[in-house]
Amino acid sequence: QVQLVESGGGLVQAGASLRLSCAASGGTVSSYAMAWFRQAPGKEREIVAAIRWDGRARTYADSVKGRFTISRDSANNTVSLQMNSLQSEDTAVYYCAAAPAAYAYHVGSSYRSWGQGTQVTVSS
């Protein structure tokens, strides 16, 4: 089973940018659907962005479209989430996750492997 480790979280002001990174081991990111989820205090975990195993399709939550971009670096076996124009509503713990290639990449319940999460806090 693939192991995932996130990095890049932090405290920023509204309007700033952050880039989250997810390093994979025990498997290659090009063999999995990969996604970023987030969970804010008192709220359910939600899928933010996902990329299909072949890299040819991406999906985003409506709340982040046009601001966030998910990308994959097969050479370094990492997945990133570029977050621009951050808002206080983006404050959450962000998780990297992997799903078997045959599963629907845009469906949250497809994801089986999880990182430990990284905190993103946006001050207004």
Side-chain angles (χ1 to χ4, degrees):
Q1 188 171 358
V2 64
Q3 290 82 48
L4 306 170
V5 178
E6 303 95 337
S7 61
L11 171 63
V12 297
Q13 291 188 333
S17 298
L18 270 179
R19 186 176 182 87
L20 305 182
S21 185
C22 172
S25 60
T28 57
V29 295
S30 57
S31 299
Y32 294 86
M34 300 296 298
W36 288 93
F37 289 71
R38 68 185 181 188
Q39 187 167 21
K43 295 187 177 181
E44 294 187 354
R45 188 177 298 187
E46 62 172 347
I47 190 167
V48 174
I51 183 168
R52 202 168 66 185
W53 70 271
D54 59 3
R56 295 183 177 181
R58 293 171 173 82
T59 189
Y60 297 92
D62 288 343
S63 58
V64 306
K65 280 181 182 176
R67 300 189 298 123
F68 290 13
T69 302
I70 187 170
S71 60
R72 185 179 72 183
D73 183 343
S74 298
N76 291 307
N77 213 26
T78 59
V79 176
S80 297
L81 185 68
Q82 178 66 42
M83 305 185 296
N84 298 329
S85 302
L86 283 161
Q87 305 165 358
S88 57
E89 298 77 29
D90 297 317
T91 294
V93 178
Y94 284 71
Y95 298 90
C96 178
Y103 287 31
Y105 78 103
H106 58 290
V107 177
S109 59
S110 295
Y111 289 83
R112 298 289 186 267
S113 301
W114 297 85
Q116 82 288 350
T118 186
Q119 177 70 48
V120 172
T121 303
V122 184
S123 63
S124 57

>> Is it the case that over 12 heavy atoms from other parts of the model lie below 6.0 angstrom from the CD atom of Q13?
In response: no
> What residues, two or more places apart in sequence or in another chain, satisfy side chain to side chain contact (heavy atoms under 4.5 Å, CB included) together with E44?
Replying inline: none
>> Between N76 (side chain only) and T78 (backbone N and O only), is there a donor and an acceptor less than 3.5 Å apart?
In response: no
>> Run the side chain to side chain donor-acceptor pair (under 3.5 Å) test against T59 and tell me which residues pass, sequence neighbours left out.
In response: none
>> Suppose we screen for side chain to side chain donor-acceptor pair (under 3.5 Å). Which residues come up paired with K65, at least two apart in sequence or across chains?
In response: D62
> Distance-only, no hydrogens or angles: does the N77 side chain make a donor-acceptor pair with backbone N or O of V29 under 3.5 Å?
Replying inline: yes
>> Please determine whether residues L86 and L81 belong to a single hydrophobic cluster, defined as Ile, Leu, Val, Met, Phe, Trp and Tyr linked transitively by side-chain heavy-atom distances below 4.5 Å.
In response: yes
> Quick one: do I70 and V93 end up in the same hydrophobic cluster if we chain Ile, Leu, Val, Met, Phe, Trp and Tyr together by side-chain heavy atoms under 4.5 Å apart?
Replying inline: no
>> Can you pull out every salt bridge (charged side-chain N to carboxylate O under 4.0 Å, His left out) where at least one residue sits in residues 17-34? Sequence neighbours excluded, please.
In response: none
> Applying ring-ring contact (aromatic ring centres under 6.0 Å, His included), which residue pairs with at least one partner in residues 40-90 are found, sequence neighbours left out?
Replying inline: none
> What pairs meet the salt bridge (charged side-chain N to carboxylate O under 4.0 Å, His left out) rule with one or both residues in residues 68-84, with sequence neighbours excluded?
Replying inline: none
>> Applying salt bridge (charged side-chain N to carboxylate O under 4.0 Å, His left out) as the test, list every pair that has at least one member in residues 74-84; sequence neighbours left out.
In response: none
> Can you name the closest pair of heavy atoms from F37 and A97 and give their distance?
Replying inline: CE1-CB, 3.8 Å
> Among all residues two or more places apart in sequence or in another chain, which pass the side chain to side chain contact (heavy atoms under 4.5 Å, CB included) test with S88?
Replying inline: S124
>> Checking T121 now: which residues fulfil side chain to side chain contact (heavy atoms under 4.5 Å, CB included) with it, not counting sequence neighbours?
In response: L11, T91, Q119
>> Could you check whether any side-chain heavy atom of M83 comes within less than 4.5 Å of a side-chain heavy atom of L20, counting everything from C-beta outward?
In response: yes
> Linking I/L/V/M/F/W/Y whenever any side-chain heavy atoms sit under 4.5 Å apart, do V120 and V48 land together?
Replying inline: yes
> How would you list all residue pairs meeting side chain to side chain donor-acceptor pair (under 3.5 Å) that involve residues 95-114, not counting sequence neighbours?
Replying inline: Q1-S113
>> Considering only residues two or more places apart or on different chains, which pairs with a residue in residues 76-96 satisfy salt bridge (charged side-chain N to carboxylate O under 4.0 Å, His left out)?
In response: R38-D90, R67-D90
>> Same cluster or not: Y32 versus I47, using hydrophobic residues (I, L, V, M, F, W, Y) connected whenever any side-chain heavy atoms lie under 4.5 Å apart?
In response: no
> Can you tell me how far SG of C96 sits from CD of Q116, rounded to the nearest 0.5 angstrom?
Replying inline: 9.5 Å
>> Give me the atom names and distance for the closest heavy-atom approach of C22 to M34.
In response: SG-CE, 4.5 Å
> Is it true that a side-chain atom of Q39 and a backbone atom of A92 form a donor plus acceptor pair closer than 3.5 Å?
Replying inline: no
> Residues in side chain to side chain contact (heavy atoms under 4.5 Å, CB included) with A16, at least two apart?
Replying inline: V12
